[in-house]
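First the structure, in the form of structure tokens, and then the observations on it.
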Amino acid sequence: MKVAVLGSGGREHALVWKLSQSPRIKDLFCVPGNPGIAQLAKCVPLSLDDHQSLILWAKKEEISLTVVGPEDPLSNGIVDSFQAAGLKIYGPNQKAAQLESSKTFAKQIMQLHGVPTAKSASFTELGSALRYVEENGAPIVIKADGLAAGKGVTVASSIREAEVALRASLEKNRFGEAGSTVLIEEFLDGEEMTLLSFVSGPDYLTMVPSQDHKPVFDGDLGPNTGGMGAYSPVPHLEKWLPEIEETIIDPMVKGLQQEGIDFQGILYTGLMITKDGPKVVEFNVRFGDPEAQVILPRLQNDLLEILEASTAGGLSSIKLTWKQEACVCVIAASGGYPGEYKTGFPISGLKSGANDMVFHAGTKIVGTNLVTNGGRVLNVSSLGESLTQARTRAYERLQNIHFEKMHYRTDIASKAI
Ligand code: AMP
Ligand code: GLY
């Protein structure tokens, strides 16, 4: 088979790495890919916005299955375009992708089907949004309705901070169209966990849980990023899994069916485990980044078989099996991220060992040098017999890696250890 992955970050490197182990794949491609991915797949420099060129290319190469990594192409209807052209593609269609591309839409589905989540209201107008914040007080959460690369959420500890976030979104257009509607949400206190599920219409398989670390600094301080590290399993929160499946995943999958939404792809459930039990913080419609970098190394099944079974409606015949080993991923980021940062710094010390993978997130080749090319630069994922061992290995691996102004959190997985 010829298989293509769309995307260019650490998650896509992990997807390509996992698919490269499938015995049935003859040729693996990635559009556009990155220098790390290029060691495992042929990278094709096409734009993910240009559906017609992608379709022409996939037809010419006779790609049997295309796998979509990031949310933007899904929300732009890449799945609908490929299917209309008679091509097989893994991921939700544009209608289903609204679960991620509109937080208001996701809230409506949750409310209709009794899925526990934070109380919220949507606004397009600054005056009424400010009044709502005054009435409800702080802490309170302000969210851009649309896609904002994980940076559209402000957890405001004061009314003043909430006002600044509202003005940035509604008055100064900080997130463009994505922030022209904001959701103001009740603050949920507790610990976060991510649960990914393979969903194919009425069938679903939940994966092992993981935990992301969104704030940029140790101790969960500083602004939110796309994710600074992750680990799996999450032993101290796993007792909640049966309740999460029963009160959240099951009603969501059934609810989507009832709403006439044919969901085929990954349902990413971001949870807060509160004192009143698990509640949904957000849904996404693709693998998490960096959650994929700790889940895929633990998956024992051939990923291709799961994806094929999903697109053919045969997901219920699959049983997922997992390595007992734990996995910890630490992100090496550019100093300054998620604010302004410089790129183009040479990277040294890259080499994967037996127990770790170094996934590329923001790198490029200039001349013969590998240099930094993004906020999140590298993802070091290590396996170990315990979380402690996996974490020790990841941090040892990082000691050898260097680029100017490199920043990473030193407390990934601490909550579980
Ligand atoms: P989201 O993009 O919706 O996942 O939000 C990004 C991050 O903001 C989450 O991972 C949480 O850490 C935090 N967050 C979002 N919504 C809430 C909430 N209602 N209460 C507390 N923290 C939240
Ligand atoms: N790690 C958060 C996300 O993928 O949205």
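Note that the numbering runs from 1 along the sequence shown for the chain. In listed order, ligands and their atoms are each counted from 1. Worth knowing before you read on, the calculation uses all heavy atoms, side chains too, and leaves out hydrogens, waters and symmetry mates.
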Taking atom [atom1] of [X] as the centre, report whether more than 12 heavy atoms of other residues, nucleotides or ligands fall under 6.0 Å from it.
X    : atom1 : result
E385 : CD    : no
Q324 : CD    : no
Q300 : CD    : yes
E125 : CD    : yes

Practice prompt. Between M272, E100, E185, flag the one that comes closest to atom 19 (N) of ligand 1 by a heavy atom.
Written response: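 Ranked by closest heavy atom to atom 19 (N) of ligand 1, first place is E185.
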Worksheet item: Does ligand 1 have a heavy atom under 4.0 Å from the side chain of L188, from its backbone, from both, or from neither?
Response: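 Both the backbone and the side chain of L188 come within reach of ligand 1.
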Item to complete: May I ask you to decide if S75's main-chain N or O and Q94's side chain share a donor-acceptor pair within less than 3.5 Å?
Response: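 Yes: the side chain of Q94 pairs with the backbone of S75.
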Discussion item. Is it the case that ligand 1 has an N or O less than 3.5 angstrom from some N or O of V141?
Written reply: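 No; the residue has no nitrogen or oxygen that sits under 3.5 Å from a nitrogen or oxygen of the ligand.
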Can you list the ligand 1 atoms lying under 4.0 Å from a non-hydrogen atom of [X]?
X    : result
N224 : 6 (C), 7 (C), 8 (O)
F187 : 20 (N), 21 (C)
K143 : 3 (O), 15 (C), 16 (N)
E192 : 9 (C), 10 (O), 11 (C), 12 (O)

Discussion item. Can you tell me how the ring of F123 sits relative to the ring of Y132, calling it parallel under 30°, perpendicular over 60° and tilted otherwise?
Written reply: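 Answer is tilted, since the angle falls between 30° and 60°.
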Discussion item. Cation-pi check for Y268 against R286: NZ or CZ below 6.0 Å from the six-membered ring centre and within 45 degrees of the axis, yes or no?
Written reply: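 Output yes; distance and angle both within limits.
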Worksheet item: Heavy atoms under 4.0 Å from ligand 2: which residues qualify?
Response: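 Protein residues near ligand 2 are D212, K214, G226, Y268, N284, R286, G288, D289, P290, E291.
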Item to complete: Not counting sequence neighbours, which residues clear side-chain contact (heavy atoms from CB on, under 4.5 Å) with E246? List them please.
Response: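 Expected list: none.
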Worksheet item: Can you name the nearest heavy-atom pair linking I412 to G229, along with the distance?
Response: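 Nearest heavy atoms, I412 then G229: CD1-CA, 3.8 Å.
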